[in-house]
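Below is one structure, written out as structure tokens, with a few remarks after it.
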Amino acid sequence: MTNISIPVAEPMLKGRELEYISDCITSGWVSSKGKYVNRFERNFAEFCGVKRGIATFNGTIALHLALAALNIGPGDEVIVPTLTFVATANAVAYTGATPVFVDSEAETWNIDPKAIEDAITPRSKAIIPVHLYGHPADMDPLLEIAKAHNLIVIEDAAEAHGARYKGRPVGSLGDAAIFSFMGNKIITTGEGGLIVSNNKELTERAFFLQNHARYAGNPYWHTEIGFNYRMTNLQAALGVAQLEQIDDFIAIRRKNAAYYMERLKNIPGLTMPPEAEWAENVYWMFAPLIEPEFGVERDAVIEKLRQKGIESRPFFYPIHTMPMYATGQSLPIAESLAARGINLPSGTTLTTKQIDFVCDALKTMQKDSE
Ligand SMILES: *Cc1c(COP(=O)(O)O)cnc(C)c1O
């Protein structure tokens with residue numbers, strides 16, 4: 001077994017992370033009360049251009065909490081893209097509602113607004129567009145459909161901190177949005193999540209449910225079944241330090257993606273990741289498609305890279321094909337993207353030399369197979 005020397009992602013922790021964490025330890029504020037939680041919520045909401053943030057222990061429960069705060073539950077349907085990380089659908093299932101899967105559009109790989117209309121039924125309550133691998137979904141047509149059918153829109157921006165749609169930051173486009181700060185995301189709190197929204201009723205209800213649904217003025221009287229979904233001050237301390245560096249992280253990712261594309265552009269059979277003219281992709285994953293002309297199949301590419309110490313991953317499997325959600329649908333664009341796509345090393349710590357090494361490995365494997 002070859003040791004991995006170039007991982008797909010690794011956190012960059014070279015700012016004031018240690019200083020802020022030390023402050024938590026020396027002050028004793030390690031749990032979910034403490035100044036960093038409020039600071040992180042405020043700073044992140046400001047980063048998105050949104051009024052309020054509610055920090056949570058991870059991104060999956062941020063989505064569950066947002067849905068719960070919107071009173072989505074049994075009998076309701078929530079429209080999601082099939083090509084996403086499984087958490088998007090699981091959070092819907094936790095509420096007792098049913099996720100309804102929609103195909104991708106070929107251009108951006110995100111939920112196809114044109115296909116959403118067909119998925120709407122009288123039970124539809126919400127749409128969760130996902131900004132996959134850092135590229136924003138095409139929100140305007142989606143928001144128009146949502147408005148026409150009175151549906152709520154929650155952005156799953158877990159992979160797209162700082163990405164822009166027509167100049168506006170993701171997280172500010174729908175009724176609410178969620179982010180993840182898990183270790184391989186664009187900034188990290190170890191594990192962590194956050195809801196942002198301008199809707200005061202929603203954020204207040206999310207805050208209430210997140211804290212065991214404590215009755216105002218009496219912390220041990222509960223009027224509903226709430227959750228403990230809070231973020232700790234330790235997590236938030238990391239988050240505040242990471243957020244101070246996010247503009248640099250995004251600039252590095254965009255520069256690395258441009259360098260990848262420059263190095264790979266003359267290799268036949270590789271389709272580069274998209275960037276629509278209205279989009280600013282933050283390249284959470286540098287994610288090209290391996291076409292038949294490349295001469296080596298996607299899974300063999302992953303294995304050959306692994307032999308050189310390079311970690312890579314296949315695209316997510318379309319969720320409608322997984323046993324717990326199997327719907328028997330045919331969603332051909334997502335299925336085809338999932339079969340061809342690869343995530344190459346994409347972390348903020350990635351160096352030009354490492355990108356050269358990955359690109360050379362792709363080039364030589366193609367020669368070897370001729
Ligand atoms: C990472 C991710 C999540 C969940 O985040 P966690 O913090 O790992 O729970 C949700 N949706 C998408 C699209 C993700 O990539």
Side-chain angles (χ1 to χ4, degrees), residues 8-11 40-41 44 53-68 78-95 99 101-102 104 108-111 126-137 139 142 153-163 170-171 173-174 176-196 206 210 227-232 234-236 238-239 242-243 253 273 281-287 313-320 322 325 334 337-338 341 343 346-347:
V8 160
E10 128 188 274
F40 186 51
E41 289 178 336
F44 200 85
I54 306 277
T56 59
F57 204 86
N58 64 51
T60 306
I61 63 178
L63 193 51
H64 180 208
L65 183 63
L67 291 162
V78 177
I79 294 168
V80 300
T82 188
L83 188 61
T84 175
F85 182 56
V86 72
T88 312
N90 285 350
V92 174
Y94 297 161
T95 68
F101 301 104
V102 167
S104 313
T108 71
W109 310 347
N110 286 314
I111 192 165
I127 309 172
I128 308 179
V130 178
H131 308 303
L132 192 72
Y133 300 135
H135 191 292
M139 293 298 288
L142 186 147
V153 176
I154 306 172
E155 297 170 71
D156 181 340
E159 305 178 356
H161 319 55
V170 303
L173 307 165
I178 69 98
F179 289 84
S180 166
F181 308 106
M182 183 256 200
N184 74 14
K185 297 291 161 81
I186 288 174
I187 61 170
T188 186
T189 58
E191 296 277 352
L194 196 130
I195 301 173
V196 286
Q210 175 194 44
F227 313 107
N228 175 1
Y229 278 0
R230 297 177 305 242
M231 177 180 272
T232 67
L234 283 168
Q235 288 173 296
L238 267 181
Q242 288 270 289
L243 193 56
R253 281 170 181 276
N281 191 341
V282 288
Y283 300 100
W284 172 56
M285 286 293 157
F286 186 77
R313 295 190 189 151
F315 270 24
F316 298 124
Y317 298 95
I319 302 177
H320 74 278
M322 293 183 190
Y325 293 114
L337 290 168
N343 296 158
S346 308

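Side chains are part of it too, since the values below use all heavy atoms of this structure and drop only hydrogens, waters and symmetry mates. Remember, predicted model here, so these are calculated numbers, not experimental data. Both counts, for ligands and for their atoms, begin at 1 and track the order of listing. Throughout, numbering of the chain's residues begins at 1 and tracks the sequence.
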Proximal ligand 1 atoms for [X], defined as those under 4.0 Å from one of its heavy atoms:
| X | answer |
| --- | --- |
| Ala87 | 4 (C), 10 (C) |
| Ser180 | 1 (C), 5 (O), 6 (P), 7 (O), 8 (O) |
| Gly59 | 5 (O), 6 (P), 7 (O), 9 (O) |
| Thr88 | 11 (N), 13 (C) |

So [Y] and [X], do their side chains get closer than 4.5 Å, heavy atoms only?
| X | Y | answer |
| --- | --- | --- |
| Met139 | Val153 | yes |
| Thr56 | Leu65 | yes |
| Tyr229 | Phe57 | no |

(request) Only heavy atoms count here, so choose which of Met182, His131, Glu159 is nearest to atom 13 (C) of ligand 1. (result) Glu159
(message) On a heavy-atom basis, I'd like to know which of Gly190, Pro81, Ala158 is closest to atom 3 (C) of ligand 1.
(response) Ala158
(request) Could you tell me the residue and atom name of the protein heavy atom closest to atom 11 (N) of ligand 1, and the distance to it rounded to 0.1 Å? (result) Asp156 OD2, 2.8 Å
Return a yes/no value for [X]: is any of its N or O atoms, backbone included, closer than 3.5 angstrom to an N or O of ligand 1?
| X | answer |
| --- | --- |
| Val130 | no |
| Thr84 | no |
| Thr60 | yes |
| Lys185 | yes |

(request) Begin with the C-alpha distance, continue with both residues' side-chain angles, and end with the deciding distance and a verdict on side chain to side chain donor-acceptor pair (under 3.5 Å) for Asn110 and Tyr133. (result) CA-CA 9 Å; Asn110 286 314; Tyr133 300 135; over 6 Å; no
(message) Any atom of ligand 1 sitting under 4.0 Å from a heavy atom of Gly192?
(response) yes
(message) Please check if the number of heavy atoms outside Tyr317 that lie under 6.0 Å from its OH is greater than 12.
(response) no
(request) Identify the residue among Leu63, Ile61, Leu67, Thr60 that makes a side-chain contact (heavy atoms from CB on, under 4.5 Å) with Tyr94. (result) Thr60
(request) Mind running side chain to side chain donor-acceptor pair (under 3.5 Å) on His320 and Thr82 for me, showing each step along the way? (result) CA-CA 6 Å; His320 74 278; Thr82 188; 2.7 Å; yes
(request) For the residue pair His131 and Glu155, confirm or rule out a side-chain donor-acceptor distance under 3.5 Å. (result) yes
